[in-house]
Amino acid sequence: MLFGEMSITLDDVLCLIHFPIKGIFWSPQDVAEKVAVELVVDYLGVSQGEAQSRVRSCRGSYYKLEWLYDLFVQHRVASNWAYGTRAYLLMLVGSTIFSDKTFTLVEARYLLLFTDLDRCSGYSWGAAALVTIYRYLGDASMFNCKQLGGYPTLLQCWIHEYFPTVGKRGENWKPADNYGLPRAMRWSYRQGVLKVDDLRPILDKLTPADVIWRSFEDHRAWRQFDELCLYRGCLKWGDTVVPYLPDRCLRQFGYKQYVPSPPLDCMMATDIDVDWIGYHQSVIAVIRPTTLATTPSDVEDGYLEWYYCVSHPRLVPPHRDDPREVPVPVYDVGPSDPDWACVSTLIHRYLRQVNAEEEDPQFADLFEALHISRSH
C-alpha cells in the first residue's frame with residue numbers, strides 16, 4: 001500500500017477462526033495410491049473394494065469431499081463414532097484451510113492427522129491455515145494464475161476487518177454481542193459489482209485513516225493476544241515452508257513501524273521446529289527496536305523512504321509521461337484522526353448500503369463530507 005505493508009498474521013487467524021496457534025508442526029510425506037487405499041480401510045471403515053474404486057476415480061492420492069460427507073452420515077447413523085469423526089474432520093479441513101483449486105478433493109495424506117484423535121489438539125492449526133493461504137497467495141501473485149486456493153473466507157474476512165471502505169460486507173452482529181463466536185462469523189456474503197480493474201485504483205487511494213489497525217481489541221475477552229504472534233521465523237506444514245515476518249507489519253500489533261530486517265531465506269532454514277519452540281528470543285528481537293504507537297499508523301523516521309525504495313506501492317502504474325519518482329506521502333496524524341476515520345467509515349458504509357453513486361445529486365453533500373473526512 002502507499003503507506004506500508006500489511007499482512008494476515010497468526011493473531012488474525014486466532015481471532016477470525018479461533019484455531020489454536022500453539023502446537024507442533026506436521027511433516028508427513030506424500031502417500032501413494034496404495035497407501036491412500038489402506039488408510040481409508042483402516043481409519044474410515046471402508047471395504048477394500050470400495051476404497052480402491054473411490055481412490056482410483058480421483059486419479060491420484062485424493063478423496064472426494066462428497067464421499068467423505070456420505071461416510072460421515074453413515075457412521076453417525078451406525079454410531080461408529082471414531083470413523084465418523086475422522087470422516088467429518090477430514091471433510092472439514094479439506095473444504096476450509098486445506099482446500100485446493102479442485103474444490104472437490106482433499107489430499108489423502110491429511111487423514112494421517114486424524115489416525116490418533118487424541119493427538120489432534122497438539123498441532124498448530126492456526127499455523128497450518130496461515131501456511132496454506134500464504135502459499136496460495138504467493139501463487140496468485142503471478143500474472144498467469146487464475147484461481148486462489150486455501151481458505152478464501154479467511155482472506156475475505158480479514159479484508160472486512162481491516163478495510164471497512166473496501167468492497168461490500170454484510171454484518172450479522174456487532175462485536176460486543178458475539179458471545180465468543182469466531183470473529184469471521186460476524187460477516188455475511190454480499191454480492192459486489194466491482195471488478196479487479198475497478199478495485200486497483202481504490203486500493204491505491206487508501207490512506208492510514210481508511211484502516212482499522214487494531215481490529216480485535218474488542219474481542220480480547222474471548223481470545224487474548226499471544227506473544228507467539230510476534231515470532232519471526234519460518235512456518236511449515238507438510239512440505240510447505242513460508243516466512244512469517246511480523247516486523248514488517250508492526251502497526252497491526254500496536255507498535256511503531258521501523259525499517260525491518262531483510263526477509264528470511266526459508267530454503268536455508270534447518271531448525272524451524274526448534275526456533276518455533278524457542279520463539280521468545282525472536283519476539284524480543286522484533287519488539288526491542290520499537291515502542292508502542294502513539295497513533296495507529298505511527299512509523300519511524302525513514303521507514304517510508306526505505307519502503308518506496310524496495311517496494312511497488314501502487315497497483316496502477318503512473319502515466320508514462322509522469323516522472324518515475326513516486327513522492328513519499330506525508331500524513332499529518334493528529335489526536336482527532338481516529339474520530340475522522342470513524343466518520344469516514346460510517347458515511348462510506350451508508351453510501352454503500354443505498355448503492356449511491358457520486359453522480360446522484362441527492363447524495364452530493366454526503367460524498368463531499370466523505371472526501372473532507374478522508375482528507376483529515
> Quick one: are Leu105 and Tyr63 in side-chain contact, heavy atoms under 4.5 Å?
Replying inline: no

>> So for atom CG, which belongs to Asp265, do other residues, nucleotides or ligands contribute more than 12 heavy atoms lying within a distance under 6.0 Å?
In response: yes

>> What verdict does the side chain to side chain contact (heavy atoms under 4.5 Å, CB included) test give for Leu181 and Trp173, after you've listed the backbone C-alpha separation in whole Å, the side-chain angles of each residue and the deciding distance to 0.1 Å?
In response: CA-CA 11 Å; Leu181 297 173; Trp173 37 253; 4.1 Å; yes

> Is atom CD of Gln362 surrounded by more than 12 heavy atoms (other residues, nucleotides or ligands) closer than 6.0 Å?
Replying inline: yes

> Roughly how far, to the nearest 0.5 Å, is OG1 of Thr9 from CG of Leu16?
Replying inline: 9.0 Å

> If you look at every heavy atom in Gly254 and Arg214, which pair is closest and at what distance?
Replying inline: CA-NH1, 3.2 Å

>> Once you measure the plane-to-plane angle for His75 and Tyr83, does it fall in the parallel (<30°), tilted (30-60°) or perpendicular (>60°) bin?
In response: tilted

>> On a heavy-atom basis, which atom in Ala87 and which in Leu68 lie closest, and how many Å separate them?
In response: CB-O, 3.8 Å

> Who pairs with Arg109 by salt bridge (Lys or Arg N to Asp or Glu O under 4.0 Å), at least two apart in sequence or on another chain?
Replying inline: Asp30, Glu107, Asp239

> Say you draw a straight line from OG of Ser95 to OH of Tyr69; how long is it, rounded to the nearest 0.5 Å?
Replying inline: 12.0 Å

>> Is it true that Thr240 and Tyr134 share a donor-acceptor pair across their side chains at a distance under 3.5 Å?
In response: no

> Counting only heavy atoms not in Tyr88, do more than 12 sit closer than 6.0 Å to its OH atom?
Replying inline: no

>> Using the side-chain hydrogen bond (donor to acceptor under 3.5 Å, both in side chains) criterion, which residues pair with Arg76? Sequence neighbours excluded.
In response: none

> Is it true that atom CG of Asp198 has more than 12 heavy atoms of other residues, nucleotides or ligands lying nearer than 6.0 Å?
Replying inline: yes

> So if you build clusters from Ile, Leu, Val, Met, Phe, Trp, Tyr with side-chain heavy-atom gaps below 4.5 Å, do Ile347 and Ile212 land together?
Replying inline: no

> When you look at CD of Glu66, are more than 12 heavy atoms from neighbouring residues, nucleotides or ligands closer to it than 6.0 Å?
Replying inline: no

> With sequence neighbours excluded, what pairs up with Arg223 under the salt bridge (Lys or Arg N to Asp or Glu O under 4.0 Å) test?
Replying inline: none

> Are there more than 12 heavy atoms of other residues, nucleotides or ligands under 6.0 Å from atom NZ of Lys34?
Replying inline: no

>> Does atom NZ (Lys256) have a neighbourhood of more than 12 heavy atoms from anything else shown, all under 6.0 Å?
In response: yes

>> I want to check something: taking the side chain as every heavy atom from C-beta on, are Cys145 and Phe143 in contact at a cut-off of under 4.5 Å?
In response: no

> So do the side chains of Phe25 and Leu235 get within less than 4.5 Å of each other, counting heavy atoms only?
Replying inline: yes

> Under a 4.5 Å cut-off applied to non-hydrogen side-chain atoms, are Val40 and Leu71 in contact?
Replying inline: no

> How long is the span from the CG atom in Asn80 to the OG1 atom in Thr85, to the nearest 0.5 Å?
Replying inline: 10.0 Å

>> Would you say CZ of Phe103 has more than 12 non-hydrogen atoms from neighbouring residues, nucleotides or ligands within 6.0 angstrom?
In response: yes

>> Rounded to the nearest 0.5 Å, what separates atom CH2 in Trp222 from atom SG in Cys15?
In response: 11.0 Å

> Are the side chain of Ser53 and the backbone of Gly49 linked by a donor-acceptor contact shorter than 3.5 Å?
Replying inline: no

> For the atom pair CD1 (Ile97) and CD1 (Ile133), what is the distance rounded to the nearest 0.5 Å?
Replying inline: 11.0 Å

>> Quick check: closest heavy atoms across Ala51 and Val41, and the distance to 0.1 Å?
In response: CB-CG2, 3.8 Å

>> Under a 3.5 Å distance rule, please check whether Tyr258 uses its side chain to pair with a backbone N or O of Thr291 as donor and acceptor.
In response: no

>> Can you list everything that forms a side-chain hydrogen bond (donor to acceptor under 3.5 Å, both in side chains) with Arg220? Sequence neighbours excluded, please.
In response: Asp11

> Got a donor-acceptor contact below 3.5 angstrom from the Arg86 side chain to the Thr115 backbone?
Replying inline: yes

>> Do Val211 and Leu206 have side chains that approach each other closer than 4.5 Å (heavy atoms only, starting at C-beta)?
In response: no

>> Is there a path of hydrophobic side-chain contacts, each under 4.5 Å between heavy atoms of I/L/V/M/F/W/Y residues, joining Leu264 to Tyr244?
In response: no

> Do Val73 and Tyr43 belong to the same hydrophobic cluster, where Ile, Leu, Val, Met, Phe, Trp and Tyr are linked whenever their side-chain heavy atoms lie under 4.5 Å apart, directly or via other members?
Replying inline: yes

> Would you say the side chain of Phe72 lies within less than 4.5 Å of the side chain of Leu89, judging by non-hydrogen atoms?
Replying inline: no

> Ring centroid separation for Trp26 and Tyr110, is it under 6.0 angstrom?
Replying inline: yes

>> Tell me whether Asp12 is salt-bridged to Arg183, with the criterion being a basic N under 4.0 Å from an acidic carboxylate O.
In response: no

> Given side chains that start at C-beta, do those of Met267 and Val241 come closer than 4.5 Å, heavy atoms only?
Replying inline: no

>> I need the Lys205 NZ to Asp210 CG distance, nearest 0.5 Å.
In response: 11.5 Å

> Okay, side chain of Arg190, backbone of Lys168: is any donor-acceptor separation there less than 3.5 Å?
Replying inline: no

> According to the interplanar angle, ranging from 0 to 90°, do the rings of His18 and His219 count as parallel (below 30°), tilted (30 to 60°) or perpendicular (above 60°)?
Replying inline: tilted

> Can you name the salt bridge (Lys or Arg N to Asp or Glu O under 4.0 Å) partners of Asp275, sequence neighbours left out?
Replying inline: none

>> Angle between ring planes, Trp187 versus His160, binned at 30° and 60°: parallel, tilted or perpendicular?
In response: tilted

> If two hydrophobic side chains count as joined below 4.5 Å and joins carry through other members, does Phe19 share a cluster with Leu117?
Replying inline: yes

>> Please check: side-chain N/O of Ser61 versus main-chain N/O of Val31, any donor-acceptor pairing under 3.5 Å?
In response: yes

> Given Trp213, which of Phe253, Phe3, Phe163 fulfils the ring pair (Phe, Tyr, Trp, His ring centres under 6.0 Å) condition?
Replying inline: Phe3

> Is it the case that one hydrophobic cluster holds both Val106 and Tyr62, taking links as side-chain heavy atoms less than 4.5 Å apart, direct or via other members?
Replying inline: no

>> Testing the basics here: between Gly150 and Thr132, what is the closest heavy-atom pair and its distance to 0.1 Å?
In response: CA-CG2, 4.0 Å

> When you measure from the side chain of Ser215 to the backbone N and O of Glu161, does any donor-acceptor pair fall under 3.5 Å?
Replying inline: yes

>> Taking Tyr308's backbone N and O only, do any of them form a donor-acceptor pair with Ser311's side chain (distance below 3.5 Å, no angle check)?
In response: no

> So, does Ser124 use its side chain to make a donor-acceptor pair with the main chain of Ile21 at under 3.5 Å?
Replying inline: yes

> Trp158 side chain to Val13 main-chain N or O, any donor-acceptor pair under 3.5 Å?
Replying inline: no

> Do Glu300 and Trp306 have a side chain donor and acceptor closer than 3.5 Å?
Replying inline: no

>> Going by the rule side-chain hydrogen bond (donor to acceptor under 3.5 Å, both in side chains), which residues pair with Glu5 if we only count those two or more places apart in sequence or in a different chain?
In response: Arg248

>> Are Leu113 and Phe98 packed together at the side-chain level, in the sense that at least one heavy-atom pair is separated by less than 4.5 angstrom?
In response: yes

>> Check whether Gln257 reaches the backbone of Asp247 with its side chain - one donor and one acceptor, N or O, closer than 3.5 Å.
In response: yes

